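Worksheet for the structure shown next.
All values derive from a computational prediction rather than experimental measurement.
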Amino acid sequence: MKISKNTLLNCRRGEVRVEKRKNSKSKRSPFKLLVIATLLIFAALTALFVINNSKDKDATYEKIPPIEGQPTLGKSDAPVTVVEFGDFKCPACKAWGESIYPQLVKDYVDTGQVKFSFVNVLFHGEESKLGSLAAEAVYKQNPDMYWEFHKALFKEQPRENHDALWITSEKINEVAATIPDIDVNKLQEDMKDQSVVEEVNTDDKLVQEFKVEKTPSIMINGTMLGDPFNYEKIKNLLDKELKGME
């Protein structure tokens, strides 16, 4: 079949038009991808913001964790109860104990307004359990020495490489030996005592009951704080609780 010049020109124009459309699409594609990427990033940031905000929200419970039998600092008749759900293996718990805890004790515990109690959390497996057993054994042997041992064990937590094994029987003995009135030999025996094991199990049940998902988790009466490191918020909530009891 013989092809005329006009037909050949039209075909080429058609090809050119098609090619132009292709080029136009290719030129628009980066722009479309940029828009899509921007929308995806915006959606991700929004989701992250919502998640973070939900994590920082306080949670309210109808009751206060029972602290009978728990190591407790302060006057027994103090009107407000603060409970820390903590883990000796947890770096954030160490940081809270060094930054927030001393001020809380100075402002509210030493003044007789607050009693402070500690509940063991076992988020880091066997080391958490070993540290908890040791602390409970010290509390059973000599309650007055519990908080000294508590602080000393946290102090031994390494600043870096938190995954490294450090809570061992040897470390527990080493820490206990620095504290007066702790029988180190008896301590190891007490850690195997069923009553001590049951105390750790009781703490674990409280962790489940109060839906503790992070450490430290701080409860002021029936309120679980979303942000335990906001001391101004802690003060405001404590003052509100104390005022409500006047």
Pair Ile172-Met191, side chain to side chain contact (heavy atoms under 4.5 Å, CB included): steps then yes or no: CA-CA 11 Å; Ile172 287 168; Met191 287 173 64; 3.9 Å; yes
Stepwise side chain to side chain contact (heavy atoms under 4.5 Å, CB included) check, Glu156 with Val175: CA-CA 8 Å; Glu156 290 300 310; Val175 171; 3.6 Å; yes
Glu209 atom CD, neighbour heavy-atom count above 12 within 6.0 Å: yes
Lys75, NZ atom: more than 12 neighbouring heavy atoms under 6.0 Å: no
Approximate separation, where rounding is to 0.5 Å, of [X] [atom1] and [Y] [atom2]:
X      : Y      : atom1 : atom2 : value
Asp239 : Ile234 : CG    : CD1   : 11.5 Å
Asp144 : Phe149 : CG    : CZ    : 15.5 Å
Lys205 : Gln208 : NZ    : CD    : 11.0 Å
Tyr101 : Ile218 : OH    : CD1   : 11.0 Å
Asn236 : Asn230 : CG    : CG    : 8.0 Å
Lys151 : Ile179 : NZ    : CD1   : 9.5 Å

Cluster check [X], [Y]: I/L/V/M/F/W/Y, side chain < 4.5 angstrom:
X      : Y      : result
Phe229 : Leu104 : yes
Phe154 : Leu122 : yes
Ile64  : Leu238 : no
Ile67  : Val109 : no
Val200 : Phe85  : no

Name of the residue among Asp204, Thr202, Val83 meeting side-chain contact (heavy atoms from CB on, under 4.5 Å) with Val119: Val83
Closest approach of [X] to [Y] (non-hydrogen atoms, all atoms of both residues):
X      : Y      : answer
Gly86  : Cys93  : CA-SG, 3.8 Å
Gly112 : Pro79  : O-CD, 3.9 Å
Val114 : Ala78  : C-CB, 3.5 Å
Pro228 : Lys214 : CD-NZ, 4.3 Å
Thr215 : Ala92  : O-CB, 3.7 Å
Met219 : Gly222 : CE-C, 3.8 Å

Derivation and outcome, salt bridge (Lys or Arg N to Asp or Glu O under 4.0 Å), residues Glu232 and Lys235: CA-CA 5 Å; Glu232 282 305 310; Lys235 278 179 61 67; 6.0 Å; no
Close side-chain approach of [X] and [Y], heavy atoms under 4.5 Å:
X      : Y      : value
Ser195 : Lys140 : yes
Lys155 : Glu98  : no
Pro91  : Gln157 : yes
Met245 : Asn221 : yes
Pro66  : Leu206 : yes
Leu225 : Leu237 : yes
Tyr108 : Val80  : no
Thr81  : Thr72  : no

Any donor-acceptor N or O pair under 3.5 Å, side chains Asn173, Gln188: yes
Distance-only polar pair, side chains of Asp203 and Gln70, donor-acceptor under 3.5 Å: yes
Phe88 and Phe118 aromatic centres sub-6.0 Å: yes
Partner residues of Tyr139 under the ring-ring contact (aromatic ring centres under 6.0 Å, His included) criterion, sequence neighbours left out: Tyr146
Main-chain N/O of Gly74 paired with Lys115 side-chain donor or acceptor, under 3.5 Å: no
Basic-acidic side-chain contact under 4.0 Å: Glu189, Lys186: no
Candidate pair Glu174 and Thr178, rule side chain to side chain contact (heavy atoms under 4.5 Å, CB included), full reasoning: CA-CA 7 Å; Glu174 179 186 321; Thr178 66; 5.6 Å; no
Acceptor/donor pairs from residues 126-133 side chains to any protein atom, 3.5 angstrom cut, sequence neighbours excluded:
residue	atom	partner	partner atom	Å
Glu127	OE1	Lys89	NZ	3.2
Glu127	OE1	Trp166	N	2.8
Glu127	OE1	Ile167	N	2.8
Glu127	OE2	Lys89	NZ	2.7
Ser128	OG	Asp87	OD1	2.8
Ser128	OG	Asp87	OD2	2.8
Ser128	OG	His124	N	3.0
Ser132	OG	Asn120	OD1	3.4
Ser132	OG	Ser128	O	2.8

